[in-house]
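Here is the naming used below: chain letters follow the sequence lines, and residue numbers restart at 1 for every chain.
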Amino acid sequence: MRIHDTARGAIVPFEPGPIVTMYTCGITPYDATHIGHAATYVTYDILQRRLRDLGHETRCVRNVTDVDDDILRKARELGVHYLDLAAAETARFDSDMEALNVIECWSEPRATSAIADIRGFIGMVLDRGHAYLSGGSVYFDVNTFERFGQVSHYSHEEMVALARQHGGNPDDPNKRNQLDFVLWQPSADDEPSWESLWGPGRPGWHIECSALALRELDTTIDLHGGGSDLIFPHHECEAAQSEAATGQPFVRHWMHQAMVRMDGEKMSKSLGNLVFISELRKTWDTRAIRLGIVAHHYRNSWEWNDDIMPTAGARLADWLRVSTAADATDSVAALDAVRACLDDDLDTPGAVAAIDSAAAAGEGVASAAALLGVFLIGEPVR
RNA sequence: GGCGGCGUGGCCGAGUGGCUUAGGCAGCGCCCUGCAAAGGCGCGUACCCCAGUUCGACUCUGGGCGCCGCCUCCA
C-alpha cells in the first residue's frame, strides 16, 4: 500500500514485514473524548484492519499521558488526585473507543508506569552526550543533533521564531540552544515527584513516548502517528531524543491526522468547541458515528456540522437494508474496491463511495463495510 | 516561512478523460388560484490562470495566483 509520509513529504510505499510495529500518541486523560480524537484513532484502526487483511500482525501501542502540566492543573482545580482523574477519564476514553469498535491496542501503557524506563532513557541520552543538566532540569542538547528538523522540516530560525510567537520559552537562560527541550524537570510542591540521579522531579513532555516505544516495540518502529498538531515540537523532539539515545533511526514512516474544525477553528480542549463522542452516542448508532468520520479523508481538515450525522445515519440504514435482506449477496467487487482505495493513502471517502454504489445497485456490502470497521451483520471484531 | 488541503454557474454543492451544463436554493416564464402562498412544468448561467500529455481534459502532469487549516496546552 501507499501512505503519505510526513518526513519525506510524499505518498510513498508502506511495505512493512509480517509484524508491523506502530505507535500512536494517545490522550492526556483530563477531559472527554471528542470527535477529533476519534478521527485520529479510527484512522489508525482502519490502517490496522487493512494490514491484517493483508496478512500482517499489527502491534499498535497507544500511550496514556497521565502526568503532565494539563492533567496536574485540572486535578488541582477539581481537588482530586491526578491519578484518580486519569483513571476515570481513561476508562471513559476506552469506553468510547470500544463503542466505536476501534481495535484494542496491543499495549496501552501509562506514562507513570514508565518512570523507571524514562530515567533509563534519559541516562542513555546523557551517556551519548546529547543532553546536559542545568538549573535542576535535564535538557536535550539540540546543538549535538544535526538532524533536528527532519520530521517537520523547519529551519532553526523558523523554529525559534515559532517558539517565540507561540509563547514558548526560547530565552530560558538555562538553555544552551533556544530549541533545547526538557527531558526531566523539578516538580512544584504540590506535584508528583520521583527520585532520579539528577534530583527529584518529573518527566518532560516528549520523553514518555520515546521511552515507551523502545520498551514496548523496538529501536526502530514501522510507523508513528498522531494528530498533525503534534508534528512540531512533539514528534520532532521524540525523533531527536530517540535517535540520540540509540544511534538508530526511530521511525520509518510518519503519519499525521488533519484537524477537525468547528466554528471555523480547530476543535480543541482549550477552545472548548467540542463535540463529544459520549454525547453523540446518546442519539446515534456508533456505526453511524464511525461513518461520519470516515466520510472524510484523514489528511484533509474538515469542519463538523449538523448534517454529518443525519447523512451518516441514512447511509448506515441503506447499507444495512441491502446487506441484511433475505436474498442478500455479499459484493466481492465492493470489497476489492475498498481494498484498492485504502491502499491509496487510506482513501476512506473513495471507499465509502464505492460501497454506496454497490448498495445502490442492491448488492450486499457487509464484507466491504467490515474492512472499514463497520459491522452490518454478526458480532464486531476488535 | 514550512507543511497539508481546496478553487465548479448568483449562492451551496456532486462529478478522478469523451451525452453529464447531477442536485438544492435563488432568479425568470408559464400552469394552477379571485389574489397570494404552496405545488407543477420549462429556461438560463460554470468548471481560477498558463503551459503540457492526449484524437479529446472540469477530470491527468508541471508552474502560477487565490483561499482555508495546522505549526512548543492540544488527536
- Item | Whole-Å distance separating the CD atom of Gln257(A) from the C1' atom of C74(B) | 14 Å
- Task: Using a cut-off of strictly less than 4.0 Å between a heavy atom of the residue and any atom of RNA chain B, enumerate the qualifying residues of residues 78-114 of chain A by number.
- Result: none
- Message: Counting only heavy atoms and a strict 4.0 angstrom limit, can you tell me which residues of residues 267-287 of chain A come near RNA chain B?
- Response: Met267(A), Ser268(A), Lys269(A), Ser270(A)
- Message: Using the side-chain heavy atoms of Asp347(A), tell me which of these nucleotides is nearest: U16(B), G69(B), C74(B).
- Response: U16(B)
- Item | side-chain contact (heavy atoms from CB on, under 4.5 Å) evaluation trace for Trp319(A) with Leu291(A) | CA-CA 11 Å; Trp319(A) 292 8; Leu291(A) 283 181; 3.5 Å; yes
- Task: Side chain of Val260(A) only, please: which of C71(B), G2(B), A75(B) is the nearest?
- Result: A75(B)
- Around atom CD of Glu77(A), are there more than 12 heavy atoms of other residues, nucleotides or ligands at under 6.0 Å? yes
- Task: May I ask you to verify if any side-chain N or O of Lys266(A) is less than 4.0 angstrom from the OP1 or OP2 atom of C71(B)?
- Result: yes
- Item | Tyr44(A): ring pair (Phe, Tyr, Trp, His ring centres under 6.0 Å) partners, not counting sequence neighbours | none
- Item | Side-chain heavy atoms of Phe250(A) within contact of His224(A), under 4.5 Å | yes
- Should Asp318(A) and Arg321(A) count as an ion pair when the cut-off is N to O under 4.0 Å? yes
- Query: Could you state the NE2-P distance from His235(A) to G4(B), rounded to the nearest angstrom?
  - Reply: 17 Å
- Query: Do the side chains of Tyr132(A) and Phe181(A) join up, straight or via other hydrophobic residues, at under 4.5 Å, putting them in one cluster?
  - Reply: no
- Message: With a 4.0 Å cutoff (strictly under), does any side-chain N or O of Trp302(A) reach OP1 or OP2 of C68(B)?
- Response: no
- Task: If the plane angle is over 60° it's perpendicular, under 30° parallel, otherwise tilted; pick one for His130(A) and Phe140(A).
- Result: parallel
Under 3.5 Å, N/O pairs linking protein and nucleotides 5-7 of chain B:
{"unit_1": "G5(B)", "atom_1": "OP1", "unit_2": "Arg299(A)", "atom_2": "NH1", "d": "3.0"}
{"unit_1": "G5(B)", "atom_1": "OP1", "unit_2": "Arg299(A)", "atom_2": "NH2", "d": "3.4"}
{"unit_1": "G5(B)", "atom_1": "O2'", "unit_2": "Asn300(A)", "atom_2": "OD1", "d": "2.6"}
{"unit_1": "G5(B)", "atom_1": "O2'", "unit_2": "Asn300(A)", "atom_2": "ND2", "d": "3.4"}

- For the pair made of CD in Glu236(A) and P in C71(B), what is the distance, rounded to whole Å? 16 Å
- Query: Is any side-chain N of the basic residue among Lys269(A) and Asp70(A) closer than 4.0 Å to the acidic one's carboxylate O?
  - Reply: no
- Message: Which residues in residues 38-49 of chain A have a heavy atom closer than 4.0 Å to any atom of RNA chain B?
- Response: Thr40(A), Tyr41(A)
- Just call it for Gly225(A): base, sugar-phosphate, or nothing, with non-hydrogen atoms closer than 4.0 Å on any strand. nothing
- Ignoring hydrogens and angles, does a donor from either the side chain of Tyr154(A) or the base of C71(B) sit under 3.5 Å from an acceptor on the other? yes
- Evaluate the side-chain contact (heavy atoms from CB on, under 4.5 Å) criterion for residues Tyr41(A) and Thr33(A): first the C-alpha distance (whole Å), next the side-chain angles of each, then the deciding distance (0.1 Å), finally the verdict. CA-CA 11 Å; Tyr41(A) 303 122; Thr33(A) 317; 5.8 Å; no
- Where are the stems of RNA chain B, defined as at least 3 consecutive Watson-Crick or wobble G-U pairs with both distances under 3.5 Å? B:1-7 with B:65-71, B:10-12 with B:23-25, B:27-31 with B:39-43, B:48-52 with B:60-64
- Item | Rounded distance (Å) that lies between atom P of C74(B) and atom NE2 of His234(A) | 8 Å
- Message: What contact category does Gly226(A) fall into here, base, sugar-phosphate, or nothing, at under 4.0 angstrom with non-hydrogen atoms?
- Response: sugar-phosphate
- Message: Is a donor from one side chain sitting under 3.5 angstrom from an acceptor on the other, for Ser107(A) and Glu216(A)?
- Response: yes
- Message: Under a 3.5 Å cutoff, is there a donor and acceptor pairing between the side chains of Asn63(A) and Thr65(A)?
- Response: yes
